[in-house]
Q: 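Below are the structure tokens for one structure; questions will follow.
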Amino acid sequence: MGSVPRAFIGILLLLLSAQSWGAVLAGSSSDDCDQPLVSALPPLSFSSSSELSSSHGSGFARLNRRDGAGGWTPRASNKNQWLQIDLGERMEVTAVATQGGYGSSNWVTSYLLMFSDSGRNWRQYRQEGSIRGFPGNTNADSVVQHRLQPPMEARHLRFLPLAWNPDGRIGMRVEVYGCAYRSDVIGFDGKSSLLYRFGQNGSGSMKHTISLKFKTMQREGTVFHRGGRNGGSETLELAGGKLVLLINAGDTAQPSLSAPYGLVLGSLLDDEHWHSVLVKQSGQQVDLRVDRHSQHIWAPGAPSPEDLDAEISFGGIATPRKSESSQRKNFLGCLENINFNGDNIIDMAKRHRPQVLITGSVAFSCSGPKTMPATFLSTRSYLVLPSTPGEDRASVSFQFRTWDSTGLLLSSQSHHDSGGFFLALQDGNLKLGLHSTPGHTHSEVTTDVGLNDGQWHSVSLVAQRGHLSVVVDEGVAATHALVPVEMDSGNSYRFGGCLPRGPGADCEPSPSGFQGCLRGISINAHPADLISVQQGVLGNFSDVQIDTCGILDRCLPNYCEHGGTCSQTWTAFHCNCSSTGYMGATCHRSRHEQSCEAYKHQGKSSGHYYFDLDGSGPLEPFPGFCNMTDVPWTILQHNGSAFTRVKGVSQKNPYHVAFQYAASTEQLLATVAQSEYCQQELTLHCRGSRTQDARDGTPLSWWVGGHNETPIYWGGSLPGSRPCECGSQGLCIDPLHPCNCEWTNSTSVLSYREHLPVTHIFIDSAQPGSEATYRLGPLLCQGDRSFWNSASFHTETSYLRFPTFHGELSADVSFFFKTTASSGVFLQNLGITDFICLELRSPVEVTFSFDVGNGPCEVTVRAPAPLNDDRWHLVRAERNTKEASLQVDLLPVGMRPAPEDGHVLLQLNSQLFVGSTASRQRGFLGCIRALQVNGKALDLEERAKVTPGVEPGCLGHCSTYGHLCLHGGQCHEKPQGFSCDCQLSAYSGPFCSTEISAYFGTGSSMTYNFQEYHPFSSNPNPHVASFHGDKKLTRETMSFSFRTVQTPSLLLYVDSFHKTYLSITLARNGSLQIRYKLDIHKGPDVFSFNFKNLADGNFHHVEISREDSVVSVQVNQKEWRQVSLSSGMEFKAIKSLVLGRILEPGGHLDTDTLQAGTHGFVGCLSTLQFGHVAPLKAVLHTEHTSVQGPVTASNCGASTGDITAWEQTPAQAEHSGPVDVGQPLVEASRGDSAVIGGVIALVVFVLLCTVAIAIRLHHQKNVDTAREVKQSENQGTAEVAFSELDVQNVARGNQECCF
């Protein structure tokens, strides 16, 4: 599933039992680790930012104590206050509890929990990786306790109030729970190392486990290294603040981060805080865990224990070989509780055991932090520091780290207001601006891009003798001598979003200030005393946390799914989903439909599409072809569709071929499982090639199915039986070999779904003179089991129950519903406090509500028209760590962003209830269809069979999908879906959108005889009209398209038994002429329409309608024109319609009609409709017309631009280039030369095979007769799909080999 695998979710849940993990790594001394740690501490262990009075001091902050004023209360209630506790030594802390001030209105409603080893360099404790703070109290005396999952190790704790009772003050009493913590520490100076030799007995095991903790402020360094012979090695090192585990398989190439055997985990690990590491190798499985995150790889080429040395070094490479890189830095920092396969390495070093060798200087202690950081929490945060006296030189230096590409870092104004400077990030560059005079600015970009990468970067500014130099990351100084810059002792330096109002400490907050961390601030070579700033003694600050760096890597873990790329700012992360096939804030939702059935019901035509069978699940999209028949076919090609000859192989090594599909094995199996029916055509011609040994039935030729099984049957016989079709019918040529494939019709269809698709074929041709030719067709699958899977809910108290919905980090639900009720709950799933619910809140509102621990949230979509209209409506709901969204049909998507630092895990434990709530209230009445949860289809019909008040299936689809039946097609209901009846339309195809076209050659003529009250196919005599003589037409409509260059031409002629007629012709100048003769005693009404020359070889569309005496004409969808008849208003007893030449004109025709009827029509006619009759469909699809001359079916009408006319486009095996969402790739036409070459090759081939065909003609007759009897219904259904493939294979020049 891309970047957020299910394994990671399991790891998060395993954190609930992380106390045992902490015991292994951190060395807790007792299984009972819930002892109170604060109640027995002396008063000096408590300190605070301030106190309201001596009786409100920090020493009175013990839980349930009433002495003093009953708790700690600071002098001022603001976010700069804190309460600190010194536990005396590092302890394992498992829980905290708080109260308000006894008998008062003072309590804290939320707070931060900070921890530290030394009382410096504080770190915030976060649950779920992103929780801003802990919920506090709602009154003064109740106790609110929070379990820490996982536990933490610390000596100093600090409580920072975030919010408090608005009618009182900050007031706290606290308790901390935990136990003693055992710690063995060793400090490395960047030049030392520790080597542990464990002997051969310890290296022979296929398993090893290494656990430790480390703390450093250096982003590069070797944590441990184990070398071996032939260059094999295993190394854990810091690179860019991340841990990298490199496994060198033993080749000469140096492993890299992109090597197959490399793991990268963690981020910002150079923060001078403890980080836990666990490395486990069991055979070829390698696991790496850093803090709360874990990764694993399967390394089949990893060096075995015999190839590795029986020693391991920590802190550096103690005895480097020539093959080992000399560029690796040694580790600078502290390691704690190093454990190798149960051995305490640091304890052994302390006791000077001979197995441990120390190189260089190490200390069995860990020094405190060397710098004091500060966190700028927002873009309006600032820190103002005064300058210190200097001579003729002024300087400022500091380090910063951030994810933001823009922000004001530092500014200063001259004491005399005659100039100054500012330093800012702009697009990741460091920009220096110099102020010479007010309103006049000179600026230069002084660094390369990439300073917003989260790493520490150093900046040094020096002003001397009117020159200002800037050095970044100890690089090459850039000196600017633009204007004199005054940086004297009167200047103040403003860090962050502080715009100077003058040379003093006053400033105006800037909305574009720096957001990140600073440390190592020095002014004129004197370190800044930030503790004095925090105490209000020095400088000024706002919204800055002193002595902590609160930077987070919001891309760890990477919540961008399906390969989405994560980027971040200080406050949020963003996912780039381009080229993934997915969309949404976390690349969770697929851009593609799951089947051809789904594409069809979006009105799509045949073509190439991408399929995503499990939506947001782990299967990636893959390409295929949809043939949009009544029930669409999915066609998946492979690389072996051409005929291949096999000759001269041995029995021990039969011929073998593996077929490579455009989809993976998992995708193919999922396609077969999802489909209603699948088949694959296998053609095998052979001579002397055996499929099995006649003596014992041992398979000699066989094929392999999708599950790697080897069926011992061939097409035409049943699974489990050994023979092929000729063997089961007794039609094999050689009776001694009942399945030797020497039979004329050797094409078979494999349709047993559990054995599809065919992935390999093995063929025997070891006999002297034996040979074989085979061809495997594409995988053809039809239908979609889940798309029409539905249930009807008849009572409000009925629901279907399914297993718990697991969507901890990301969850999506999609379904169709149809109802006449005004409201009802679609589904609900509950947890202890968390829940999700989807419901129809009102006839025009659908609501998605949920709670992940941040309080109930809702997303509502309001429709402009009622949704309870008994039509299908699509609902898609999604919740992830970034946002929640809801979409109904094609309405605008409802969105709700997630809180930046809120809870992210959705924890549910009840069953999923579909159709009502768990309490059977507000139930849904109607139908739910195609329900998918996180890409997995739920079988509603199966559950409905055993649930009272619910029944499987749901009728009534035409009200929703009837509009897809075009051009007069009628929608007909089916148990699963619908179909379009195109009988009365001039079009065909599943949506009545394929034009019926015909090409009329010279001298051709077609006569259609009208039928009354009956379809034309039922008339026993097509040449006798069923109209009675008194039948009168006062109105008619007709439409058609044509293309010709002949003039004059007869486009259409309708006559009657009374010698009245209608003719539509093209005059010699190409103009359109219409003649109505409705009165035999009068001449015809003649109307000429000089739209343009319509005999120009282009397609033109004509529509004509008559109402009494008014005739309306439209050409090429332009403005209608109307004329009036004078010869009558009734068309009596119409007889026939003629296209092309008029064979029996009669003496009643006018001269122009007679002349046009003599010439007839040469060209293309398409989509001819006369009333409810489609004459072209009649002549091409039935025998109830009379035709003379060359009239042939053609796709000449497709050039009108309607892409749906190409619904029978052959499927192609491959495609290239990007595919737009939901758009088919139509095959490019091949050149005329390829067609001619194919025809010539085909003719030659037919001549060569004539003799063989004649010899075996009588045997062919017997086989065909047997196969016709055995022909299955499903194979007959597949004829349309196979017809495409036949055309495709002829175009490719595929040739059968006959013997």
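Hydrogens, waters and symmetry mates play no part in the numbers below; they use all other heavy atoms, side chains included.
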Q: Name all residues meeting the side-chain contact (heavy atoms from CB on, under 4.5 Å) criterion together with S405; count only those two or more places apart in sequence or in a different chain, and write none if there are none.
A: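 Per chain and number, S405 pairs via side-chain contact (heavy atoms from CB on, under 4.5 Å) with N452.
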
Q: Minimum heavy-atom separation for N337 and I346, please, with both atom names.
A: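 Heavy-atom minimum between the residues: N-CD1, 3.7 Å.
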
Q: Which pairs count as salt bridge (charged side-chain N to carboxylate O under 4.0 Å, His left out) when at least one residue sits in residues 270-282, sequence neighbours excluded?
A: D270-R401

Q: If you look only at distance, which donor and acceptor atoms sit under 3.5 Å apart when one is on a side chain in residues 361-375 and the other is two or more places apart or in another chain?
A:
from : atom 1 : to   : atom 2 : distance (Å)
T375 : OG1    : T548 : O      : 2.6
T375 : OG1    : G550 : N      : 2.9

Q: With rounding to the nearest 0.5 angstrom, report the NE2 to OG distance, H273 to S116.
A: 7.0 Å

Q: Is the NZ or CZ atom of R519 positioned over W456's six-membered ring, under 6.0 angstrom from the centre and within 45° of the axis?
A: yes

Q: Ignoring hydrogens and angles, tell me if any N or O in the side chain of W403 forms a donor-acceptor pair with the backbone of L552 under 3.5 Å.
A: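 Flag set: sc W403 to bb L552 pair under 3.5 Å.
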
Q: According to ring pair (Phe, Tyr, Trp, His ring centres under 6.0 Å), who are the partners of F331, at least two apart in sequence or on a separate chain?
A: none

Q: Please tell me whether F224 and F340 form a close aromatic pair, meaning their ring centres lie under 6.0 Å apart.
A: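 No; F340 has its ring centre 6.0 Å or more from that of F224.
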
Q: Taking only residues two or more places apart in sequence or in another chain, which ones pass side-chain contact (heavy atoms from CB on, under 4.5 Å) with S460?
A: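 S397, V462, V471.
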
Q: Looking only at side-chain N and O atoms, does H275 offer a donor or acceptor that is under 3.5 Å from a partner on D291?
A: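 Per modelled atom types, D291 and H275 side chains form a pair under 3.5 Å.
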
Q: Please evaluate residues Q124 and R126 with respect to the criterion side chain to side chain donor-acceptor pair (under 3.5 Å), reporting the C-alpha separation (whole Å), side-chain torsions for both, the decisive distance (0.1 Å), and the verdict.
A: CA-CA 6 Å; Q124 180 183 340; R126 296 175 179 269; 3.2 Å; yes

Q: Partners of T571 by side-chain contact (heavy atoms from CB on, under 4.5 Å), sequence neighbours excluded?
A: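 For T571, the residues satisfying side-chain contact (heavy atoms from CB on, under 4.5 Å) (neighbours in sequence not counted) are Q515, T569, E900.
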
